[in-house]
Amino acid sequence: MRMILPASVTAVAVVAAGLAGPALAQDCSQSLRDYNETMMSEEGYRRGVAPGLQADLRQLRDAAHILDQAGQEDACGAVVAAIKDMVETSREAAEEAADAEEWRSREIERLKTAKTLEQVAGQMRAEEIIGSDVRNMENSDLGEIEDVLLATKEGESSYAVISHGGFIGLGEKQIAVPMKHLMVTEDRDTFVLDVSEGQLDNAPSFERGEFDKIADEKWRRANDEYFSN
C-alpha cells in the first residue's frame, strides 16, 4: 500500500532539500538504520518517545525514504538529522522527569488496560490502526502495524500486517497477525499482542509487499495455527 504523506511531512522534506549541506549526503539510509539500532538497544530512547512522537518520527522516516529513493541524499540527511534531534531532546526531558523503573511500571499498567477489538466501544478508524505501536504485556516493542487486510469471505481471518524488528518501523520482517489476537489500550495509542519477541521472530513472514503468500490458503492456515497455539 502506497503511503500518502501529510502536508506537514512533505513540507519538512521540501525545506530539507533547500537547506541540507553536502556533509549530510553520505549513505542516508544506512545512517537511519544505524540510529534505529541504537534506539532498539537502549531503553532510554524508548522511554523518551511517546506514542504520538513515535508516529511523527515514522512519518519523517517515510519522507527520508522517499527522498533517498529520489536521489536527494542531502535532503534525506537533513530529515534524518531532524529525527535524531527530536529523539535526543525528548529523551533528555524524559530522563529528567522519571527514572527507568517508574516509566516501565507505568507503561505496563497502561498495557493492562488493553481490550480485544470486539470489546472496544465505538468504531476505530483505519488511521487509528495503521502506524500504531505493537507491544507485548512486558512492554517489549514488537513493531508497527503497516497495513490491514480485511477478510471478504465468511470464516476467513482479517490481518494486521506488522513490520517487526525496528524501533521506527525499519523492520525487515512482515508478519500477518490475525486481528482477533490483537488488543488495544484504553487510550487507543498502543496495540498489544500477547507473544514474546522470540515467538514473533519465529512466526511465518513474507517480504515487504509480497501479499501473494497471504492469498495462499495453505500458508494462511499454517499462519493462523501458529498464533492460535
Side-chain angles (χ1 to χ4, degrees), residues 32-33 35-62 82-122 124-148 160-175 177-203 227:
L32 190 56
R33 287 185 177 277
Y35 193 60
N36 177 72
E37 289 300 317
T38 298
M39 289 191 288
M40 284 292 290
S41 63
E42 297 185 26
E43 189 177 83
Y45 284 96
R46 284 176 48 207
R47 189 165 72 250
V49 179
L53 176 57
Q54 191 159 15
D56 292 342
L57 294 173
R58 284 169 173 157
Q59 291 178 8
L60 288 171
R61 167 211 66 195
D62 292 327
I83 289 172
K84 292 180 178 180
D85 183 63
M86 291 168 68
V87 172
E88 295 296 336
T89 300
S90 180
R91 182 178 71 149
E92 290 171 3
E95 287 178 346
E96 292 177 2
D99 62 29
E101 193 59 41
E102 180 184 344
W103 171 81
R104 189 182 300 107
S105 297
R106 188 170 62 246
E107 284 298 290
I108 289 176
E109 287 303 311
R110 186 173 70 91
L111 296 174
K112 288 179 180 178
T113 70
K115 298 178 180 179
T116 65
L117 299 185
E118 291 182 348
Q119 296 172 324
V120 174
M124 291 196 72
R125 302 188 308 276
E127 66 184 36
E128 292 182 275
I129 300 172
I130 296 173
S132 294
D133 260 0
V134 182
R135 299 181 182 272
N136 62 20
M137 286 298 189
E138 287 70 47
N139 198 35
S140 298
D141 191 348
L142 299 181
E144 166 195 6
I145 298 178
E146 286 204 351
D147 210 340
V148 173
V161 179
I162 295 176
S163 175
H164 173 60
F167 184 73
I168 52 173
L170 292 175
E172 296 178 356
K173 300 182 68 174
Q174 300 283 288
I175 299 171
V177 177
M179 295 287 288
K180 65 182 180 181
H181 294 299
L182 284 173
M183 299 179 287
V184 65
T185 54
E186 195 172 66
D187 55 17
R188 298 194 180 195
D189 272 335
T190 307
F191 281 80
V192 178
L193 180 62
D194 193 16
V195 300
S196 68
E197 290 183 83
Q199 286 174 302
L200 204 58
D201 286 339
N202 294 322
F227 286 102

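- Partners of T113 under the side-chain contact (heavy atoms from CB on, under 4.5 Å) rule, at least two apart in sequence or in another chain, are T185, E186.
- Put simply, CG on L117 and CE on M179 are 5.0 Å apart, with the number rounded to the nearest 0.5 Å.
- With sequence neighbours excluded, no residue forms a side chain to side chain donor-acceptor pair (under 3.5 Å) with E118.
- Atoms CG and CD, on D133 and E144 in that order, are 8.0 Å from each other to the nearest 0.5 Å.
- Residues passing the side chain to side chain donor-acceptor pair (under 3.5 Å) test with T116 are Q119, sequence neighbours excluded.
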May I have the step-by-step check of side-chain contact (heavy atoms from CB on, under 4.5 Å) for V184 and M124, ending in yes or no? CA-CA 10 Å; V184 65; M124 291 196 72; 4.3 Å; yes
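- The shortest side-chain heavy-atom distance between M137 and M183 falls under the 4.5 Å cut-off.
- We find the CZ-CD distance between F191 and E128 to be 8.0 Å, quoted to the nearest 0.5 Å.
- Partners of M86 according to the side-chain contact (heavy atoms from CB on, under 4.5 Å) rule, which considers only residues two or more places apart in sequence or in another chain, are L53, L57, L60.
- Rounding to the nearest 0.5 Å gives a distance of 8.5 Å between CD1 of I145 and CD1 of I130.
- Of the inter-residue distances, the one linking L193 atom CG with I175 atom CD1 reads 9.0 Å to the nearest 0.5 angstrom.
- Counting only heavy atoms from C-beta outward, the side chains of H164 and D201 approach each other to under 4.5 Å.
- Every residue was checked against the salt bridge (Lys or Arg N to Asp or Glu O under 4.0 Å) condition with D85, not counting sequence neighbours, and none meets it.
- No salt bridge links R106 with E109; every basic N to acidic carboxylate O contact stays at or beyond 4.0 Å.
- For I108, the side-chain contact (heavy atoms from CB on, under 4.5 Å) partners two or more places apart in sequence, or in a different chain, are R104, K112, N139.
- Contacts of K84 classified as side-chain contact (heavy atoms from CB on, under 4.5 Å), with partners at least two apart in sequence or in another chain: S31, Y35, V80.
- Annotation: side chain to side chain donor-acceptor pair (under 3.5 Å) contacts of D194 (sequence neighbours excluded): none.
- Within the model, atoms CG of L200 and CG of N136 stand 9.0 Å from one another, a figure rounded to the nearest 0.5 Å.
- For the pair D147/Q174, no side-chain contact is recorded, criterion being any heavy-atom separation below 4.5 Å from C-beta on.
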